[in-house]
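Naming: A, B, ... by sequence-line order, numbering from 1 per chain.
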Amino acid sequence: MAAGRAPILTPRGDDFPRWYQDVLNKAELADNGPVRGTMVIRPYAYAIWERMVAEVDARIKAAGAENAYFPLFIPESYFQREAEHVEGFSPELAVVTVGGGKELEEPVVVRPTSETVIGEYMAKWVQSYRDLPLLLNQWANVVRWELRPRVFLRTSEFLWQEGHTAHATEDDAREYAEHILHSVYRDFMVEVLAIPVLVGAKIAQERFAGATNTLTCEAMMGDGKALQMGTSHELGQNFARAFDVGFLDEHGEQRICWTTSWGVSTRMMGGLIMAHGDDAGLRVPPRLAAVQAVVLVVRDEDGSVTAAAGELVDSLGRAGVRARLDARVETGFGRRATEWELKGVPLRIEVGPRDLAEGQVVVARRDDGAKVPVPVAELAARAPGLLEEVQAAMLADATERRDALTTVVDSVEEAAEVSATGFAVLPWRLLDDAAIDLLGRSAVTVRCLQTPDGELPGGAPADELVAVCARSY
RNA sequence: CGGGACGUGGCGCAGUCUGGGAGCGCACCGGCUUUGGGAGCCGGGGGUCGCGAGUUCGAAUCUCGCCGUCCCGACCA
């Protein structure tokens, strides 16, 4: 029956960007907004984003930071105070010049990031070494006018979390920036998103505007391209100086703080889609999924199947599984099965009269398509374990693919070639300006620097570091 | 912002070259038959042909301008 029918989605191998668009539409994730570069996040995608927020927020709080909220509008003059910051952000600022029908005396910028406003208030709040470290975070929307927008990956407005901290010493600031990268971002991405991200440091050219060091989590997408999934910056004393964030130390000496900032955004939705999606649609890892299991009533003559399915949903819920009932029997089974596959729900539990007669249900895994019968009485007890199996399998799949598409090379030419389809790892010492320029001609960039065993460079000697190169989103 | 392609019901497209009925598939609504992988048949509803000028008796079709989308390059979460 399916033979001869057009595929639901453009196959990934035919046209990856087109496939991505198809997933956004068919899985009802997002639409373009009316203003170029803006997006509408639809309920199913927003539910996933809320799960991301919950998981990341819990980790941020575990790292000791507290949530606060700073204004959307920032005086334009604030941006002028940090030279590199202005230079980096000027091209993508949205500036409001009229308010209440009148030309404003000083234009206000719609925040592209909040270092400047937060710096102003940190200066006010921090007086003593006893006030440090000051660990703040906010969940907010930000605006960066984009020339080439792509839903979730690069939009002019996006949702994110931005952490901002002030510390007494450089070491303390560095440790905290690293702690966030590892214990919040990498942990979340690997354990919840099931995406095996690389951690590393950005080269100077790729640093955040105003940072002294930018740490990154880099993921590989289904087409071998890289996606920066999150960054954590050491800002040195650049912003602290510009905004006069100072304190008296225990010896009564006036000193300047060391600050950090770090963020992850709705871009992770794009990463989720492109890292795990297949030709049948999205695949959501169970720990992330807003709907972990859908109980699908295959057909129902007298209401008894729906009743039994409802009980299964309840029992799954009691077992800690986020389950949902699909009893829309007026819609064909195949249609509904396809819909849930598009949406990537990890487990589909099929219940029909035949199953009930045999005291079983059929459990279909979204990750590998396997279908196994499970006795009704055992479903709730077995589902959590099965979800964990799916979670582990998805991480293993993604890791295997990333490793298969990663090649260690020892020349710039090879790096350019290999980066056409995946990641190239080569000695950092080979990458002088001319080499970086050469890679650039193939749209290849240095994603991050690592130690050979994949850790942050830290204090490792520069000539021992490796550079991970790839094309990127 | 440079190069390329494309804008026709919600989605995907034909029609444009060679001007004259706005059509097709899917989706949607109603009815009947169906229901273990995208249902079938019958009957319906829905479109300023991206926007604006121009040429013409007449423009989806020709001309110009603008906007948007996608791809490829320069920047970012």
Side-chain angles (χ1 to χ4, degrees), chain A residues 1-10 15-18 20-22 24-26 28 31-38 87-92 112-113 140-162 185 202 205-209 214 216-219 227-233 261-271 280-281 296-301 305 328-342 348 350-358 361-362 364 369 371 373 437 440-445 471-473:
Chain A
M1 189 185 293
R5 191 183 278 273
I8 297 170
L9 305 170
T10 302
D15 185 343
F16 197 81
R18 184 72 178 273
Y20 181 76
Q21 291 293 329
D22 284 352
L24 294 177
N25 291 325
K26 299 286 176 59
E28 302 179 331
D31 268 340
N32 283 312
V35 172
R36 177 181 163 79
T38 61
E87 197 188 322
F89 278 105
S90 290
E92 36 186 4
T113 180
N141 58 336
V142 284
V143 169
R144 298 178 186 181
W145 217 256
E146 285 294 345
L147 302 175
R148 195 181 154 193
R150 289 168 70 82
V151 172
F152 287 130
L153 300 173
R154 201 186 302 103
T155 47
S156 287
E157 179 192 6
F158 57 89
L159 305 184
W160 77 344
Q161 146 283 307
E162 51 178 322
Y185 296 161
K202 287 292 184 184
Q205 300 91 308
E206 305 259 342
R207 269 182 211 144
F208 175 77
T214 288
T216 179
C217 288
E218 296 283 328
L227 181 71
Q228 179 174 305
M229 298 272 289
T231 48
S232 183
H233 316 288
S261 69
W262 26 277
V264 291
S265 72
T266 37
R267 171 181 276 186
M268 291 193 295
M269 286 294 303
L296 195 157
V297 176
V298 176
R299 57 197 192 91
D300 195 0
E301 307 295 335
V305 183
R328 299 172 297 163
V329 287
E330 66 283 3
T331 301
F333 166 81
R335 158 63 62 95
R336 290 179 291 141
T338 304
E339 274 180 21
W340 292 113
E341 275 168 4
L342 276 166
R348 187 179 64 247
E350 303 172 0
V351 192
R354 248 159 43 202
D355 297 304
L356 290 184
E358 295 168 37
V361 295
V362 173
K371 281 189 180 188
D437 195 59
R441 278 196 274 278
S442 311
V444 174
T445 51
R471 294 180 304 147
S472 72
Y473 282 99

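- Look at the P atom in both B:rC29 and B:rG45: the space between them is 15 Å, to the nearest Å.
- Proximity note for A:Arg299 (side chain, C-beta onward) versus B:rG36, B:rC1, B:rC76: the nearest is B:rG36.
- When both distances must be under 3.5 Å, the Watson-Crick or G-U wobble mate of B:rU18 does not exist.
- Minimum atom distance to the side chain of A:Leu147 is reached by B:rA74, of the listed B:rA74, B:rC70, B:rA77.
- Residue contacts for A:Arg154: at a heavy-atom cut-off of 4.0 Å it reaches a base atom on one of the strands shown.
- Going from the C1' atom of B:rA59 to that of B:rG50 covers 16 Å, rounded to whole Å.
- Taking atom P in both B:rG54 and B:rG44, the straight-line distance is 40 Å, to the nearest Å.
- In terms of phosphate contacts, A:Gln228 brings no side-chain nitrogen or oxygen within less than 4.0 Å of OP1 or OP2 of B:rC76.
- Contact annotation for A:Thr155: base contact, defined as any heavy-atom pair under 4.0 Å involving a base atom.
- Distance check on atom P: B:rG47 versus B:rC24 gives 15 Å, rounded to whole Å.
- Smallest separation of non-hydrogen atoms from A:Leu296 and A:Arg336: CD2-NH1, 3.7 Å.
- Side-chain nitrogen and oxygen atoms of A:Arg471 include none within less than 4.0 Å of the OP1 or OP2 phosphate oxygen of B:rC72.
- Between A:Ala364 and A:Lys371, the closest heavy-atom pair is CB-CG, 3.7 Å.
- When heavy atoms are screened at a 4.0 angstrom cut-off, A:Val264 is found touching no nucleic acid atom at all.
- Checking B:rC72, B:rA39, B:rG36 against the side-chain heavy atoms of A:Arg148 singles out B:rC72 as nearest.
- When Watson-Crick and G-U wobble pairs are counted only if both distances are under 3.5 Å, B:rA53 pairs with B:rU63.
- Residue contacts for A:Tyr473: at a heavy-atom cut-off of 4.0 Å it reaches a base atom on one of the strands shown.
- In this structure, the nucleotide among B:rG12, B:rG37, B:rG36 sitting nearest to the side chain of A:Glu341 is B:rG37.
- The nucleotide whose nearest atom lies closest to any side-chain atom of A:Arg18 is, among B:rC13, B:rA74, B:rG38, B:rC13.
- A:Pro112 comes within 4.0 angstrom of nothing in the nucleic acid, heavy atoms only.
- Summarising the base pairing, B:rA5 is matched to B:rU69 through a Watson-Crick or G-U wobble pair whose two defining distances lie under 3.5 Å.
- Note on A:Pro17: only backbone sugar-phosphate atoms sit closer than 4.0 angstrom, heavy atoms only; bases stay farther off.
- By the criterion of a centre-to-centre distance under 5.5 Å and near-parallel planes under 30°, the ring of A:Trp160 forms no stack with the base of B:rA77.
- Using a cutoff of 4.0 Å between basic side-chain nitrogens and carboxylate oxygens, A:Arg144 and A:Glu146 are not scored as salt-bridged.
- Between B:rA74 and B:rG2, the distance separating the two P atoms is 15 Å to the nearest Å.
- In this structure, B:rC28 and B:rG44 make a Watson-Crick or G-U wobble pair, each of the two defining distances being under 3.5 angstrom.
- In terms of position on RNA chain B, the residue among A:Asp355 and A:Leu153 whose nearest nucleotide sits closer to the 5' end is A:Asp355.
- Salt bridge status for A:Lys202 with A:Glu218: present, with a side-chain N to carboxylate O gap under 4.0 Å.
- The residue A:Gly263 sits apart from the nucleic acid: no heavy atom pair falls under 4.0 Å.
- Considering only side-chain atoms of A:Phe158, the nucleotide from B:rA77, B:rG38, B:rA74 that sits closest is B:rA77.
- A donor-acceptor contact shorter than 3.5 Å links the side chain of A:Lys26 to the backbone of A:Ile8.
- Listed for the A:Arg299 side chain is no donor-acceptor partner under 3.5 Å among the backbone atoms of A:Gly332.
- To the nearest angstrom, P of B:rG37 lies 8 Å from CD of A:Glu350.
- Within the shown strands, nothing qualifies as a pairing partner of B:rA74 under the Watson-Crick or G-U definition with both distances less than 3.5 Å.
- Note on A:Arg267: every side-chain N or O is 4.0 Å or more away from OP1 and OP2 of B:rC76.
- Across the P atoms, B:rU63 and B:rU18 are found 10 Å apart, a figure rounded to whole Å.
- Pair check for B:rG58 finds none; no Watson-Crick or G-U wobble contact set falls under 3.5 Å.
- A:Tyr473 and A:Phe16 have tilted rings, their planes meeting at an angle from 30° to 60° on a 0 to 90° scale.
- Proximity of A:Arg150 to the phosphate of B:rC71: a side-chain N or O atom is located under 4.0 Å from OP1 or OP2.
- When heavy atoms are screened at a 4.0 angstrom cut-off, A:Phe89 is found touching no nucleic acid atom at all.
- Among the nucleotides B:rG36, B:rG37, B:rA77, the one closest to any side-chain atom of A:Arg348 is B:rG37.
- Of the candidate nucleotides B:rA77, B:rA39, B:rG37, B:rG37 has the atom nearest to the side chain of A:Phe333.
- More than 12 heavy atoms of other residues, nucleotides or ligands sit less than 6.0 Å from atom CD of A:Glu358.
- Comparing A:Ala443 and A:Glu146, the nucleotide of RNA chain B nearest to each residue sits closer to the 5' end for A:Ala443.
- Distance check on atom P: B:rC28 versus B:rC71 gives 28 Å, rounded to whole Å.
- Among B:rG36, B:rG38, B:rC70, the nucleotide with an atom closest to any side-chain atom of A:Thr338 is B:rG38.
- Base pairing of B:rG38: no nucleotide in any strand meets the Watson-Crick or G-U wobble criterion (both distances under 3.5 Å).
- A:Gly230 comes within contact range of no nucleotide atom at all, as no heavy-atom separation falls under 4.0 Å.
- Counting only heavy atoms from C-beta on, A:Arg36 has its side chain closest to B:rG68 among B:rG68, B:rC1, B:rG37.
- When atom types are taken as modelled, the side chain of A:Gln161 and the backbone of A:Trp262 share a donor-acceptor pair closer than 3.5 angstrom.
- The C1' atoms of B:rG65 and B:rU55 are separated by 15 Å, rounded to the nearest whole Å.
- Distance A:Ile8 CD1 to B:rA27 P: 12 Å, rounded to the nearest Å.
- Residue A:Lys371 is in base contact, counting any heavy-atom pair closer than 4.0 Å across all strands shown.
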